[in-house]
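I have placed the structure first, in the form of structure tokens, so that the comments after it can refer back to it.
Excluded from the calculations below are hydrogen atoms, water molecules and symmetry mates; all remaining heavy atoms, backbone and side chain alike, are included. Proteins come first, then strands; the chains are lettered A, B, ... in the order of their sequence lines, and each starts at number 1. All values derive from a computational prediction rather than experimental measurement.
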Amino acid sequence: MRFRETLIPTLREAPADAVAESHKLLLRAGYVRQLAAGLYIYLPLGWKVLGKINRILREEMDAIGAQEVSMPILQPAEPWQQTGRWQAIKEEMFRLKDRTGRDMCLGMTHEEIMTWLAAREIRSYRQLPQMWYQIQTKLRDEARPKSGILRTREFLMKDSYSFDATHEGLLRSYKLHEGAYHRIFRRCGLEFRQVESDTGMMGGAVAHEFMAPSPAGEDEILVCPSCGYTANVEVAGSVPPAAELIEDAPGEVHTPDKRTVEEVSSFLKRKPSGFIKSILVITDKGPVLALVRGDQQMHEKKLMKLAGPFRPATKPEVQEILGVEAGFIGPAGLNKELRIIADPVLQTGVYVTGANKKDYHKKGVRPGTDFRPEWHDIHTASAGDGCPKCSAALAAEKAIEIGNIFQLGTKYSAPLGANYLDENGKEIPLVMGSYGIGPARIAAALVEQNHDKNGIIWPESVAPFDVEIIPLASGKATEAAEEFYARCRSNGIDALMDDRDERPGVKFKDADLIGIPKHVIIGEKGLKEGVFEFKDRLTGQVEKLPPEDVWEKVKWRKPIS
RNA sequence: CGGGGCGUAGCGCAGUCUGGUAGCGCGCACGGUUCGGGACCGUGAAGUCGAAGGUUCAAAUCCUUUCGCCCCGACCA
């Protein structure tokens, strides 16, 4: 393509609203424009990049035997009502009525519709397994769109769904996707990790996320440098550093007005790890007392999986339920039966905790003896904690979620009646999996991971063009550049020809900003010596070479590793 | 949804406190000189000051309401 004829509106300065590096650069380099909060226009360069990513997605999905289909974005409410998600999902779903008053929604994902189709078309075990995928627009009324194209209300998603006769079949489909995802992200040139993850509202037992490490990421993951254990902080296990053991004799201490662990620990001159933090929460089934060690943070998602949705108790509620002011509550010597969930790190040791008496704490409390809780991991794993598998020190990093895979089981097939007949003529629900990848997130994560102060540095596989040709104004240079450009075109090399009447500096700056990996600079100077210049955007290295050698370099493509 | 910030030309900003009828840089158009890392000179076009209502002789500026966008948190199928 010719620069002059293409919409590539580069900006010298980034709009003040942009904060994330990928957002700034994609805006400045002319890849995207914002229409409204969480709604983006993809300009020619941006759309080409998405196209490249989508091609890789299709190739790898096709390679594992998945079939591409296209599902409506506008959907009737019924399937969603049948699976219960019409109720379970709240403001995040765009809802509307058609002219007859029928409830409709805009698809935020396609489990319901894919399963609806499966319910009608799959009848026999002989048809199984099936894997269907699409690259389709999703709409979610996000509470907070942010970071440019990282979190938007409308976005493209490659979503696929597997239908198997058995759980073993599901595992096979899951593994196939796992492998495809690894190949996809590797081909895109992304640094990524696969982590254990929460299944969330998708349901099902097992799920993994694919994460691209980046400070712009919204997720935190824990990584063991020794054994390779990796998990989202939402599910990550860890062994916090051992606490100093102080064998107090049981007894009360006067702690006037000292409520939080910080206050009491500095008052008693004890480390926070010698305390039990008691948190009263209100669930649908009543109050629950959650306990973590004083130096630890409770992880709400972990507790939510055990106790269901909850909220912290208000101060009056604490008074009413436990008969003591908040700040002095503890698990030992409660005035009533209460569900107590304690983090296993408290299984050993002797602790200080609230005495359930205003202005008093209790010393020498032995969990398991002085009170009998349910033991469940509810603390937040953090950097420096021991790995749950090998006990080496864990590291924490921020990451962008670029894909996820879920073993759904029969969560959708059962309510939607997606059954098949087995060899014995028995009707059995399909065992399903679902698998997503966000192409725009791949693009944004790539920019986050691959840029310098001058601009973007795309990997060859997803760059909008293979090469940018930069003639420096002069009749001869333009002529030579045109010839080179024509040669690229007739050999299937996608070249961007900067045919603008601009000064060299402007062309160089724009080329670096746009980030095509190879630049060919053709100037009067070089022509006199009989050379073109080949610049590697990544290293910045420029080589003066005979045109034929430059051609060889432009033609050469990095093999897929 | 809670907290904070910001809306003035395509982009970045000043002007708002202390009311007097809108300005700077970049970009854009035209002419000229330039031409290897965002050139220079000259001329010019472009703004309902987010919107509505109010106060006032007079509102970008003061008051009220409202909309939008960004950030932190909550949420995130």
Could you state the [atom1]-[atom2] distance from [X] to [N], rounded to the nearest angstrom?
{"X": "A/Glu142", "N": "B/C75", "atom1": "CD", "atom2": "C1'", "result": "9 Å"}
{"X": "A/Asp452", "N": "B/G37", "atom1": "CG", "atom2": "P", "result": "18 Å"}
{"X": "A/Glu300", "N": "B/A74", "atom1": "CD", "atom2": "P", "result": "8 Å"}
{"X": "A/Glu524", "N": "B/G36", "atom1": "CD", "atom2": "P", "result": "11 Å"}
{"X": "A/Asp141", "N": "B/A77", "atom1": "CG", "atom2": "P", "result": "15 Å"}
{"X": "A/Asp198", "N": "B/A77", "atom1": "CG", "atom2": "C1'", "result": "11 Å"}
{"X": "A/Asp501", "N": "B/U33", "atom1": "CG", "atom2": "P", "result": "14 Å"}
{"X": "A/Ile437", "N": "B/A77", "atom1": "CD1", "atom2": "P", "result": "17 Å"}

(message) Tell me if the centroids of the rings in A/Phe532 and A/Phe484 come within less than 6.0 Å of each other.
(response) yes
(message) Ring of A/Trp80, cation from A/Arg95 - is the NZ or CZ under 6.0 Å from the centre and inside 45° of the axis?
(response) no
(message) For A/Phe155, does the six-membered ring have the charged nitrogen or CZ of A/Lys138 within the cation-pi criterion, i.e. under 6.0 angstrom from the centroid and within 45° of the normal?
(response) no
[X] near the nucleic acid: base, sugar-phosphate alone, or nothing, with a heavy-atom cut-off under 4.0 Å?
{"X": "A/Gln34", "value": "sugar-phosphate"}
{"X": "A/Ser147", "value": "sugar-phosphate"}
{"X": "A/Lys535", "value": "base"}
{"X": "A/Gly436", "value": "nothing"}

Base paired to [N] (Watson-Crick or G-U; both N/O distances under 3.5 angstrom):
{"N": "B/G47", "result": "none"}
{"N": "B/C62", "result": "B/G54"}
{"N": "B/C24", "result": "B/G12"}
{"N": "B/A39", "result": "B/U33"}
{"N": "B/C6", "result": "B/G68"}

(request) If a protein heavy atom is under 4.0 Å from the base, mark B; if only from the sugar-phosphate, S; if neither, -; do that for nucleotides 38-52 of chain B going 5' to 3'. (result) BB-------------
(request) Please confirm whether any donor atom in the side chain of A/Glu533 sits under 3.5 Å from an acceptor in the base of B/G36, or the reverse. (result) yes
Name the closest nucleotide to the [X] side chain, picking from [options].
{"X": "A/Ala37", "options": "B/A74, B/C11, B/C69", "value": "B/C69"}
{"X": "A/Ile521", "options": "B/G36, B/C11, B/A77", "value": "B/G36"}
{"X": "A/Asp512", "options": "B/C11, B/G37, B/C70", "value": "B/G37"}
{"X": "A/Ile89", "options": "B/A77, B/G25, B/C75", "value": "B/A77"}
{"X": "A/Phe508", "options": "B/G37, B/G73, B/G12", "value": "B/G37"}

(message) Quick one, A/Trp458 with A/Tyr31, criterion ring-ring contact (aromatic ring centres under 6.0 Å, His included). Give me CA distance, side-chain angles, the key distance, then yes/no.
(response) CA-CA 13 Å; A/Trp458 292 109; A/Tyr31 284 77; 5.7 Å; yes
Integer angstrom distance from the [atom1] of [N] to that of [M]:
{"N": "B/U48", "M": "B/C30", "atom1": "P", "answer": "24 Å"}
{"N": "B/G19", "M": "B/A59", "atom1": "P", "answer": "14 Å"}
{"N": "B/G12", "M": "B/C70", "atom1": "P", "answer": "13 Å"}
{"N": "B/G23", "M": "B/A9", "atom1": "C1'", "answer": "11 Å"}
{"N": "B/G53", "M": "B/A46", "atom1": "P", "answer": "26 Å"}
{"N": "B/G47", "M": "B/A22", "atom1": "C1'", "answer": "9 Å"}
{"N": "B/G38", "M": "B/C28", "atom1": "C1'", "answer": "16 Å"}

(message) Looking only at side-chain N and O atoms, does A/His177 offer a donor or acceptor that is under 3.5 Å from a partner on A/Ser160?
(response) yes
(message) Quick check: on RNA chain B, is the nucleotide nearest A/Leu527 upstream (toward 5') of the one nearest A/Gly38, or the reverse? Name the residue that is more 5'.
(response) A/Leu527
(message) Go nucleotide by nucleotide along RNA chain B from the 5' end; which of A/Ala16 and A/Ala36 gets its closest nucleotide reached first?
(response) A/Ala16
(message) Run the salt bridge (charged side-chain N to carboxylate O under 4.0 Å, His left out) test against A/Asp17 and tell me which residues pass, sequence neighbours left out.
(response) none
(message) Please verify the inter-ring angle class for A/Phe210 with A/Phe185; under 30° counts as parallel, over 60° as perpendicular, anything in between as tilted.
(response) tilted
(request) Hey, can you tell me if A/Phe163 and A/Trp132 have their rings parallel, tilted or perpendicular (30° and 60° cut-offs)? (result) tilted
(request) For A/Ala495, check side chain to side chain contact (heavy atoms under 4.5 Å, CB included) against everything at least two apart and list the hits. (result) A/Val467, A/Ile469, A/Tyr485, A/Cys488
(request) Step through the shown structure and confirm whether more than 12 heavy atoms of other residues, nucleotides or ligands are within 6.0 Å of CD on A/Gln297. (result) no
(message) For a quick test of reading the model: is some side-chain N or O of A/Arg144 closer than 4.0 Å to OP1 or OP2 of B/C71?
(response) yes
